[in-house]
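None of the values given here were measured: they were computed from a predicted structure. In the text below, chain A, chain B and the rest are named by the order of the sequence lines, each starting its count at 1.
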Number of protein chains: 2
Amino acid sequence: MTAKAPQAPRPVPTLEDVARLAGVSTATVSRCLNTPDRVVKSTRDRVMSAVDQLGYAPNFGARALAAKRTNTIGAIIPTMENAIFARGLQAFQEELGLHGMTLLVASSSYSEDVEREQIRTLCARGADALLLIGHHRSQGTLDFLEARSVPVLVAWVYDPDKPQPSIGFDNRAAMREMAELVIAKGHRRIGVISAPCDSNDRASERVQGIREAMAAHGLPADAMALHETPYSIENGAAAFRQVMDCPDPPTAVMCGNDVLAVGALRAARQMGLSVPDDVSITGFDDIELAQLVDPPLTTVHVPHRDMGRMAARLLVQQLNGDGPMASTRLDTYLCDRETLGVAPRQRRHIAR
Amino acid sequence: MTAKAPQAPRPVPTLEDVARLAGVSTATVSRCLNTPDRVVKSTRDRVMSAVDQLGYAPNFGARALAAKRTNTIGAIIPTMENAIFARGLQAFQEELGLHGMTLLVASSSYSEDVEREQIRTLCARGADALLLIGHHRSQGTLDFLEARSVPVLVAWVYDPDKPQPSIGFDNRAAMREMAELVIAKGHRRIGVISAPCDSNDRASERVQGIREAMAAHGLPADAMALHETPYSIENGAAAFRQVMDCPDPPTAVMCGNDVLAVGALRAARQMGLSVPDDVSITGFDDIELAQLVDPPLTTVHVPHRDMGRMAARLLVQQLNGDGPMASTRLDTYLCDRETLGVAPRQRRHIAR
DNA sequence: GAGATCAGTGTAAGCGCTTACACGGCATCG
DNA sequence: CGATGCCGTGTAAGCGCTTACACTGATCTC
């Protein structure tokens with residue numbers, strides 16, 4: 001019974017439709033939407049009710065085209081799969097929202113090429129600024145960014161020496177601290193499971209941190225058994241089996257992040273190894289999962305939420321013209337839970 | 001030493017710049033980008049090298065404005081926080097990518113109002129179609145959608161009777177099946193921890209499924225202790241404590257999803273209850289976490305990836321003009337792992 | 001060999017919006 | 001009371017792109 005045109009392919013309403021219905025010019029409608037206080041209330045009310053009546057929503061593309069600003073910030077993270085970036089991004093988005101900005105997220109699958117494409121896409125979509133993870137990036141990409149002069153903030157790392165501002169933490173120092181603790185517990189042969197280090201500066205810095213700690217304690221470089229594998233629980237489990245499959249297996253396995261560590265933990269259980277009695281395992285990130293596994297994971301806590309929030313603030317400031325962004329360093333700390341124990345007697349050595 | 005203008009605020013290159021540099025018209029450049037085979041190779045090469053040289057990326061807004069198509073599909077999910085929607089969305093995105101489409105994601109925080117806003121935003125950004133979760137939606141929103149005549153596909157539910165096409169599974173039947181199993185194991189007092197049921201048809205359907213199973217077995221309605229709380233591990237734990245805090249606590253607690261169930265599991269352990277010996281716990285979704293907790297969670301497996309993939313296909317077909325989308329039903333199945341056991345003797349009753 | 005056809009390219013009209021500028025009306029001021 | 005300024009609004013010029021249409025030669029057809 002509703003009065004409805006049978007096949008009305010009613011085109012989406014435009015500013016002009018609203019203007020006509022409200023009996024004003026398009027300029028006035030535009031002002032009602034963007035700077036309401038420059039329009040007298042009576043007019044504004046008329047316009048707004050026309051907007052509602054028509055179900056009008058401004059065309060974003062047209063708006064961006066005319067205004068040369070989108071109030072949109074793009075972020076490209078390596079992956080959405082595991083929760084590593086979720087919390088930080090969530091906080092980032094929340095803070096952006098507070099300032100009337102929108103977030104556009106893309107993921108690069110840890111691929112440099114995909115990332116370059118995503119950067120182009122986000123720029124094409126008019127992102128006013130970009131949040132990227134890590135510094136590793138081809139010269140071509142950097143040139144592109146510079147050519148378009150898009151403000152870029154690099155997150156999840158802190159390196160004040162790079163030309164681009166960054167917000168994050170010192171991956172190397174954080175992992176070194178963990179390695180110090182591992183060594184202090186008596187471990188001498190250390191397995192390391194990391195994401196592939198080339199094109200991932202966070203991964204390589206973390207491994208480097210372990211190397212430094214070992215060197216500082218006079219441990220030979222070959223006391224470290226390094227396996228690289230993409231972040232996933234499955235991969236972590238597989239890598240753990242490989243790391244342990246040798247005549248003289250490590251007594252502690254340090255993982256480049258919690259996802260790998262949880263995989264290692266699971267593999268250890270399946271192999272009948274007790275953690276931390278037979279082997280110690282450490283993670284990095286302190287994602288929610290770290291507390292849920294049994295035993296709870298010893299890991300490095302990263303202030304993801306703070307990082308996201310501050311990243312948003314830096315970017316917003318920059319866009320408001322408050323000068324360039326300054327690299328900012330956040331602190332991490334060790335979460336010494338239950339997967340790191342003192343090194344077991346070196347049974348095999350004794351048995352020989 | 002690099003020859004670089006000192007303060008060159010070089011504006012971003014446009015189609016026209018490319019055309020000028022390549023010595024052709026803007027139409028030709030546009031064609032090179034969109035329909036390369038309609039341009040002779042020699043011209044095309046010239047244009048493409050101009051594109052590279054300038055670091056040109058087409059302005060998406062302008063393109064959408066002129067072409068009236070964005071090759072973008074919008075999706076609004078209730079939350080990105082927990083992994084419930086991640087896997088399905090990932091598959092959705094992958095499949096869309098195969099067809100040259102881009103995904104734009106927004107999250108509504110389970111709020112109807114926020115969702116309405118996000119719908120407007122995505123439409124404004126020119127989404128060619130929308131993927132929404134669940135059918136519950138205000139009339140105003142439905143009107144808006146109809147006014148703009150955006151194709152909408154509803155996911156995570158299956159209900160062929162609704163006007164809008166859906167792809168998903170029968171939440172009620174799936175949960176009923178689980179409840180049947182719980183009852184078959186001898187449980188008579190059943191706790192239920194669900195997300196708030198109003199404005200969440202998946203949650204309410206699942207609860208309804210339990211009711212049906214109980215009724216079918218002659219269990220009185222008050223044998224079910226229902227607690228509603230937003231999805232989170234913490235909330236699941238808190239709700240579990242409440243559900244169990246009564247003179248005659250349930251012997252099984254069925255949770256509306258795995259996140260709540262994991263929380264319940266943790267609370268149970270903290271309370272010194274053994275699962276499933278003292279109390280059984282079930283989940284829903286079969287997210288990765290379900291297998292990681294100890295003991296592994298008995299839950300309902302949902303084919304998230306299939307759902308995402310098929311959703312993308314349906315949408316792409318529709319956009320290619322292959323007729324309207326047909327509601328599609330996917331199957332779920334029980335994952336009877338280790339948190340569901342036979343009902344313990346009803347100690348309190350005996351003790352009385 | 002004249003006319004039809006077609007491939008490759010250019011011309012130009014918008015797409016829906018913002019905003020500089022112009023304009024009229026009204027309060028303010030010396 | 002005329003000059004001044006401001007406020008609320010309208011006019012119209014683009015923003016960067018796509019695409020219908022027009023045009024030009026070359027190729028074909030009979």
Side-chain angles (χ1 to χ4, degrees), chain A residues 10-48 50-51 54-72 120-121 123-128 147-148, chain B residues 10-48 50-51 54-72 120-121 123-128 147-148:
Chain A
R10 178 167 28 146
V12 328
T14 72
L15 236 213
E16 207 179 326
D17 298 329
V18 178
R20 200 175 312 121
L21 181 60
V24 297
S25 75
T26 60
T28 300
V29 179
S30 174
R31 279 187 281 257
C32 281
L33 265 27
N34 299 305
T35 51
D37 35 320
R38 314 182 108 258
V39 177
V40 89
K41 183 162 189 314
S42 59
T43 321
R44 201 185 330 139
D45 290 347
R46 203 145 31 91
V47 169
M48 286 316 194
V51 165
L54 260 36
Y56 170 77
N59 179 312
F60 183 83
R63 172 177 280 188
L65 200 53
K68 313 216 154 255
R69 193 164 200 246
T70 59
N71 289 319
T72 293
R120 295 179 80 92
T121 302
C123 285
R125 280 184 185 268
D128 294 331
R148 315 253 326 185
Chain B
R10 176 166 32 144
V12 327
T14 71
L15 236 214
E16 207 179 329
D17 297 328
V18 177
R20 202 176 309 120
L21 181 60
V24 298
S25 76
T26 60
T28 300
V29 179
S30 174
R31 279 187 281 256
C32 280
L33 266 27
N34 299 307
T35 50
D37 33 320
R38 316 183 106 261
V39 177
V40 90
K41 183 163 191 311
S42 59
T43 320
R44 205 191 321 147
D45 289 348
R46 205 146 30 93
V47 169
M48 286 315 194
V51 165
L54 260 37
Y56 169 77
N59 178 312
F60 183 84
R63 172 176 280 190
L65 201 52
K68 309 206 154 269
R69 189 151 199 259
T70 59
N71 289 318
T72 293
R120 294 180 80 92
T121 302
C123 285
R125 279 181 186 271
D128 292 333
R148 314 254 325 186

Stepwise side-chain hydrogen bond (donor to acceptor under 3.5 Å, both in side chains) check, T26(A) with R20(A): CA-CA 8 Å; T26(A) 60; R20(A) 200 175 312 121; over 6 Å; no
Residues R125(B) and T72(A): side-chain donor-acceptor under 3.5 angstrom: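 On atom types as modelled, these side chains qualify, holding a pair under 3.5 Å.
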Chi angles and distances behind the side chain to side chain contact (heavy atoms under 4.5 Å, CB included) call for Y56(A), V12(A): CA-CA 8 Å; Y56(A) 170 77; V12(A) 328; over 6 Å; no
May I ask you to decide if R69(A)'s main-chain N or O and D128(A)'s side chain share a donor-acceptor pair within less than 3.5 Å?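 Judged by distance alone, no pair lies under 3.5 Å.
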Give the B/S/- string for nucleotides 13-19 of chain D, one per nucleotide from 5' to 3', where a protein heavy atom under 4.0 Å of the base yields B, of only the sugar-phosphate yields S, and otherwise -. -BBBBBB
Is it true that atom CZ of R38(A) has more than 12 heavy atoms of other residues, nucleotides or ligands lying nearer than 6.0 Å? no
